[in-house]
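This chain uses plain numbering: 1 for the first residue, then up along the sequence. Side chains are part of it too, since the values below use all heavy atoms of this structure and drop only hydrogens, waters and symmetry mates.
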Amino acid sequence: MTEPSQDLSKDPVGSLVRDLDFDRYAASLFAPAAARPHLVALAAYDLELARVRDVVSDPMPGEIRLQWRRDALAEPERADAMADPVMRALEAAIRHGALPRQALDGLAEARIADLYDDPIASVDELTARLGETHSVPLRLATLILAGGKDPGGADVAGHGGVALGLTRLLSGLPAQAARGQLLLPTDRMAAHGVRREDVIAWRASPGLAALLRELSSLARGHLASARAAFDSLEPVAAPAFLPLALIEGDLKALDRRADQPFAPRARPAIWLRLLRLWRASKRARPF
């Protein structure tokens, strides 16, 4: 892996990713130079889909926004698609990595569920949803790094994405609850005596703390499975999984505050996260 470069910070697509997901932006800087803008373009597209819930007050306009992305993906020569910086950059990434449009369309379709507050019945349903929204981008990133060839590692992406998704779910619990969205599986909530109305009202409880630690343990299990499958991945695609290097540290911090999950907290210092990514970039297996 290579040393980071700041060239992407002057690009509007790079700036978008830097501002909305600094970890993913920073991880892309340690990838080979030829792949960096395409990894950032993929991240920008994914982030635009993921943040629709945050910028609409009703599911219908959210579905319209997602459908626009899907239409632009299907017809990239349209004037409005060509005028959109993210879609233009994504088209270049598609060409570079031979990215399947069906998978990119599936990312948009998977985000429709985020617009609604339907409960998630079980851990299996939750992991399936996280696979659709978090594992797919990791898998597509490997294609970008391999220049369109399949470098293997489907299981690494599958388990790694679930571990990443669970970590983000736990970290984002206060924001999710504030907007009335709850991604905690209802079967495990019932097992721990956790009520939806208490979580939405930001009321902590021993049961909620136990549930959060259970999901943290589940994330570690998927991270371990991703590590075990890493040998199936060609080394050229290893930088796709640099964001996973931050999971263990984040989970430890989340476990420490599981008893007070809604208390204000400071984000870890950027320099420390950059240091962790740099160290990970020097290893054959980055996480």
Tell me whether [X] at atom [atom1] has more than 12 heavy atoms from other residues, nucleotides or ligands lying less than 6.0 Å away.
X	atom1	value
Gln260	CD	no
Arg179	CZ	yes
Gln102	CD	no

Subject >> Worked verdict on Asp255 versus Arg213 for salt bridge (charged side-chain N to carboxylate O under 4.0 Å, His left out) >> reply: CA-CA 6 Å; Asp255 285 345; Arg213 290 190 176 104; 5.2 Å; no
Work out which heavy atom in [X] is nearest to a heavy atom in [Y]; give both atom names and the distance.
X	Y	value
Leu277	Ala27	CD1-N, 3.9 Å
Met82	Pro76	CG-O, 3.2 Å
Ala229	Asp155	CB-CB, 3.8 Å
Thr142	Ala240	CG2-CB, 3.8 Å
Tyr45	Met87	CD1-SD, 4.0 Å
Pro151	Leu143	CD-CD2, 4.0 Å

Subject >> Working for side-chain contact (heavy atoms from CB on, under 4.5 Å), residues Leu39 and Leu145 >> reply: CA-CA 8 Å; Leu39 291 172; Leu145 286 157; 4.2 Å; yes
I'd like to know if the side chain of [X] reaches the main chain of [Y], judged simply by a donor and an acceptor atom lying under 3.5 Å from each other, with no hydrogens or angles considered.
X	Y	value
Trp202	Pro174	yes
His96	Gly148	no
Thr127	Val123	yes
Arg111	Leu49	no
Thr167	Ala163	yes
Arg53	Asp114	yes
Arg139	Ala157	no

Would you mind reporting whether [Y] and [X] have side-chain heavy atoms less than 4.5 Å apart?
X	Y	answer
Asp71	Arg78	yes
Phe230	His159	no
Phe262	Val199	yes
Leu115	Leu66	yes

Calculate, to the nearest 0.5 Å, the distance between atoms [atom1] and [atom2] belonging to [X] and [Y] respectively.
X	Y	atom1	atom2	value
Leu173	Leu212	CG	CG	6.0 Å
Arg36	Ile144	CZ	CD1	14.0 Å
Asp54	Leu20	CG	CG	9.5 Å
Tyr25	Leu47	OH	CG	13.5 Å
Ser122	Glu125	OG	CD	5.5 Å
Leu29	Leu274	CG	CG	8.0 Å

Subject >> Evaluation steps, salt bridge (charged side-chain N to carboxylate O under 4.0 Å, His left out), between Arg24 and Asp46 >> reply: CA-CA 11 Å; Arg24 189 152 36 162; Asp46 185 33; 3.1 Å; yes
Original post:
Does Asp84 pair with Arg69 as a salt bridge, N-O distance under 4.0 Å?
Top reply: yes
Original post:
Yes or no on salt bridge (charged side-chain N to carboxylate O under 4.0 Å, His left out) for Glu197 and Arg203, after CA distance, side-chain angles and deciding distance?
Top reply: CA-CA 9 Å; Glu197 55 266 34; Arg203 285 194 286 266; over 6 Å; no
Original post:
Stepwise, does the salt bridge (charged side-chain N to carboxylate O under 4.0 Å, His left out) test hold for Arg70 with Glu75?
Top reply: CA-CA 9 Å; Arg70 301 177 74 179; Glu75 301 178 76; over 6 Å; no
Original post:
Arg220 and Ser216: side-chain donor and acceptor closer than 3.5 Å?
Top reply: yes
**OP:** Check each of Arg265, Arg273, Arg168, Arg257 against Asp250 using the salt bridge (Lys or Arg N to Asp or Glu O under 4.0 Å) test, and report the only one that passes.
**Re:** Arg273
**OP:** Give the C-alpha distance, both sets of side-chain angles, the deciding distance and a yes or no for side-chain contact (heavy atoms from CB on, under 4.5 Å) between Leu170 and Leu251.
**Re:** CA-CA 9 Å; Leu170 294 169; Leu251 290 176; 4.3 Å; yes
State yes or no: do [X] and [Y] share one hydrophobic cluster built from I, L, V, M, F, W and Y residues joined by side-chain heavy-atom distances below 4.5 Å, directly or via other members?
X	Y	result
Val52	Leu130	no
Ile247	Leu126	yes
Leu107	Val162	no
Leu169	Leu246	no

Original post:
Stepwise, does the side-chain contact (heavy atoms from CB on, under 4.5 Å) test hold for Arg65 with Val55?
Top reply: CA-CA 10 Å; Arg65 284 174 176 262; Val55 298; 4.0 Å; yes
Cut-off 3.5 Å, no hydrogens considered: what does the side-chain donor-acceptor table look like for residues 182-192, sequence neighbours left out?
residue : atom : partner : partner atom : Å
Thr186  : OG1  : Ile120  : O            : 3.3
Thr186  : OG1  : Ala121  : O            : 3.2
Arg188  : NE   : Glu214  : OE2          : 2.7
Arg188  : NH2  : Glu214  : OE1          : 3.1
His192  : NE2  : Glu214  : OE1          : 2.7

Original post:
What pairs with Gln176 under side-chain hydrogen bond (donor to acceptor under 3.5 Å, both in side chains), at least two apart in sequence or on another chain?
Top reply: none
Original post:
Which of parallel (below 30°), tilted (30 to 60°) and perpendicular (above 60°) describes Phe241 and Phe287?
Top reply: tilted
Subject >> Derivation and outcome, side-chain contact (heavy atoms from CB on, under 4.5 Å), residues Ile94 and Leu90 >> reply: CA-CA 6 Å; Ile94 289 172; Leu90 182 65; 4.1 Å; yes
